[in-house]
> 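Take this structure, written in structure tokens, and hold onto it; I'll ask about it next.
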2 protein chains.
Amino acid sequence: MELSFVEENYLKAIYQLELENPSGVSTTALAEKTKTKPASVSDMLKKLAQKELIFYKKYQGAKLSKSGLQAALLVIRKHRLWEVFLVKHLSFAWDEVHEVAEQLEHIKSNLLIKRLDQFLGYPKEDPHGDPIPNENGEIIEIPKILLSDFTTGKKAQISAVKESSPLFLQYLDKIKAGIGSNIIIQERIAFDNSLEILLDDRTLYISEEVAKNIYVTED
Amino acid sequence: MELSFVEENYLKAIYQLELENPSGVSTTALAEKTKTKPASVSDMLKKLAQKELIFYKKYQGAKLSKSGLQAALLVIRKHRLWEVFLVKHLSFAWDEVHEVAEQLEHIKSNLLIKRLDQFLGYPKEDPHGDPIPNENGEIIEIPKILLSDFTTGKKAQISAVKESSPLFLQYLDKIKAGIGSNIIIQERIAFDNSLEILLDDRTLYISEEVAKNIYVTED
DNA sequence: ATATTTTTTTAGACAAGCCTAAAACTTAAA
DNA sequence: TTTAAGTTTTAGGCTTGTCTAAAAAAATAT
Ligand SMILES: [Mn+2]
Ligand SMILES: [Mn+2]
Ligand SMILES: [Mn+2]
Ligand SMILES: [Mn+2]
């Protein structure tokens, strides 16, 4: 079944929201994510349900079906492969890729994505540390812990970022925090939940907001 | 001014038809090229004229304005750069690239196209021998002679193809004719205007139809 | 349990691009 | 020069995806 640009974006948005809220995705949340109004979302949910891409009963939120999930993951696969291409081969910074990848992810050509994957050397992760689904739409979600939830004193590495807005990523560049950086929480400041951290042997302070958008894996 | 996907395609189509018919492009020709109906073209011409991308008076055909020409050439630039990328880096055959490039040409990002150009080493021509416009939308149309119009007995090289459908390009692959191949017309067969040619030292026969879709430059 | 607030859906409209059928204009033929 | 044929435009409609306003349902508070 041939999906439109817009349908693909809705499926992707449902996938992302379902990760945070596995019980079902609400109309308002989806409207916010897709930058539309709830009324528009209602229309689209009806349409996607009719195409059996989602499970949906009035007033009860939406969930991806098998085929909807597959479609969403193939779009995400393309998005992330293009991000790798832009960073590795066109010297884009990691905060510059998302907007372009939002367009490139809708290009329809199986050959293209196959050859791109090959050209890139079958990468497993995108520049933000997110896993790249395989050609069957299967993904291995790596267990990630938010830095804000991590144990004080233990060694860890930055494995991904939750937020990937240019402003946030530029801030991380500024403090020289990237995927793979070593990190230890030295102290939690009770006053504002900010953290004193050791980042690749440099001591610095980061806000709770920042810590809530960095994923780490134990070393 | 932000152009839609569809508007970009119309401008490109007008550009291509204007090359063959500099006096102005007819509604029916444009409908054929864009695979729409003349009625739809009339609507769009009105819209493009209103945006000052074309000159257009009812019943009198269309011509690109300065800004319309620029816009068309920037789309063509992107199309051709992507074709080079697909052939040189993703090992696409020259008959497989056009369809994908039709999609990629509409991706909007100045940075992307700049970096792609750099990555490719600032190519001057696409895989079909067509010149790539520069970043200002300027193009140097190389003087090309159709093989069917070329002098018998003179040495020449294949410099471009007019038609670039997969079927035609696959036929050229089959007879091992590519951009840069050496070619001499040995004899014109009066009966059907077919040609006996010497192609890189092999003698073979090609139809008039084929000869009308190959451009050569004198050696 | 009832009332109030919030969320979701429906109703009705609109823009972009497309279509068919009919009218208007242009060109070619008689 | 009138008629016929071909081309182009207009009129009216359709689809996709969006919106605002109003109605309906669900969640929350009294
Ligand atoms: Mn992204
Ligand atoms: Mn990413
Ligand atoms: Mn092409
Ligand atoms: Mn080409």
Side-chain angles (χ1 to χ4, degrees), chain A residues 1-14 17-18 20-64 68 71-72 75 102-103 105-106 108, chain B residues 1-14 17-18 20-64 68 71-72 75 102-103 105-106 108:
Chain A
M1 190 195 345
E2 193 76 337
L3 298 178
S4 74
F5 190 103
V6 171
E7 287 169 332
E8 287 188 340
N9 279 338
Y10 272 91
L11 292 176
K12 196 169 54 120
I14 295 169
L17 292 171
E18 222 180 310
E20 318 248 301
N21 218 71
S23 64
V25 174
S26 80
T27 303
T28 24
L30 211 38
E32 230 173 88
K33 190 98 175 176
T34 59
K35 287 171 183 158
T36 61
K37 294 288 141 77
S40 311
V41 172
S42 276
D43 282 351
M44 182 55 79
L45 291 181
K46 214 181 299 174
K47 205 176 126 192
L48 294 175
Q50 213 236 298
K51 292 192 175 186
E52 301 192 319
L53 292 160
I54 61 170
F55 301 113
Y56 166 65
K57 287 215 191 70
K58 275 192 205 176
Y59 295 100
Q60 279 172 230
K63 274 189 194 182
L64 291 175
V75 176
E102 284 293 309
Q103 299 178 61
E105 71 188 6
H106 301 291
K108 277 160 187 75
Chain B
M1 192 192 348
E2 193 76 335
L3 298 178
S4 75
F5 190 101
V6 171
E7 287 169 331
E8 286 188 341
N9 279 339
Y10 271 91
L11 293 176
K12 195 169 54 123
I14 295 169
L17 292 170
E18 222 180 309
E20 318 248 301
N21 217 68
S23 65
V25 174
S26 79
T27 303
T28 24
L30 211 38
E32 231 173 88
K33 191 96 173 177
T34 59
K35 286 171 184 158
T36 61
K37 294 289 141 77
S40 311
V41 171
S42 276
D43 282 352
M44 182 55 79
L45 291 182
K46 214 182 299 174
K47 206 177 125 190
L48 294 175
Q50 214 235 297
K51 292 193 174 187
E52 301 191 318
L53 292 159
I54 60 171
F55 301 112
Y56 167 65
K57 287 216 191 69
K58 274 191 203 176
Y59 295 102
Q60 280 171 231
K63 274 189 195 181
L64 292 175
V75 175
E102 284 293 309
Q103 299 179 62
E105 71 188 8
H106 301 291
K108 277 160 188 74

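Side-chain atoms are counted along with the backbone in the values below, which use heavy atoms only and exclude waters and symmetry mates. Just so it is clear: chains get the letters A, B, ... in the order the sequence lines come, proteins before strands, and each one is counted from 1.
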> Just verifying a value: how many Å separate Met44(B) CE and Ile14(B) CD1, rounded to the nearest 0.5 Å?
9.5 Å
> Atom CD of Gln50(B) and atom C1' of dA16(C): how far apart are they, to the nearest Å?
14 Å
> Atom NZ of Lys37(A) and atom C1' of dA11(C): how far apart are they, to the nearest Å?
18 Å
> I need the NZ-P distance between Lys51(A) and dT15(D), as an integer number of Å.
14 Å
> Mark yes when over 12 heavy atoms from residues, nucleotides or ligands other than Glu102(B) sit less than 6.0 Å from its CD; otherwise mark no.
yes
> Treat primed atoms plus P, OP1 and OP2 as sugar-phosphate and everything else as base, then score nucleotides 5-13 of chain D 5' to 3': B for base contact with protein heavy atoms under 4.0 Å, S for sugar-phosphate contact only, - for none.
---BBB---
> If you count the non-hydrogen atoms of other residues, nucleotides and ligands that lie under 6.0 Å from CD in Glu32(B), is the total more than 12?
no
> Examine dT16(D): is either OP1 or OP2 under 4.0 Å from a nitrogen or oxygen in the side chain of Tyr10(A)? Give yes or no.
no
> List in chain and number order the residues that pass side chain to side chain donor-acceptor pair (under 3.5 Å) with Lys63(B), two or more places apart in sequence or in another chain; answer none if no residue qualifies.
none
> Check residues 1-10 of chain B and write down every donor-acceptor pair under 3.5 Å in which the side-chain atom is one partner and the other belongs to a residue at least two apart or another chain.
from	atom 1	to	atom 2	distance (Å)
Ser4(B)	OG	Val6(B)	N	3.4
Ser4(B)	OG	Glu7(B)	N	3.1
Glu7(B)	OE1	Ser4(B)	N	2.8
Glu7(B)	OE1	Lys51(B)	NZ	3.4
Glu7(B)	OE2	Lys47(B)	NZ	3.3
Glu7(B)	OE2	Lys51(B)	NZ	2.8
Glu8(B)	OE1	His106(B)	ND1	2.6
Glu8(B)	OE2	Lys108(B)	NZ	3.4
Asn9(B)	OD1	His106(B)	NE2	3.0

> Measuring from atom CD1 of Ile54(A) to atom CG of Leu48(A), what distance do you get when rounded to the nearest 0.5 angstrom?
5.0 Å
> Nearest whole Å is fine: how far is dT8(C) P from Met44(A) CE?
17 Å
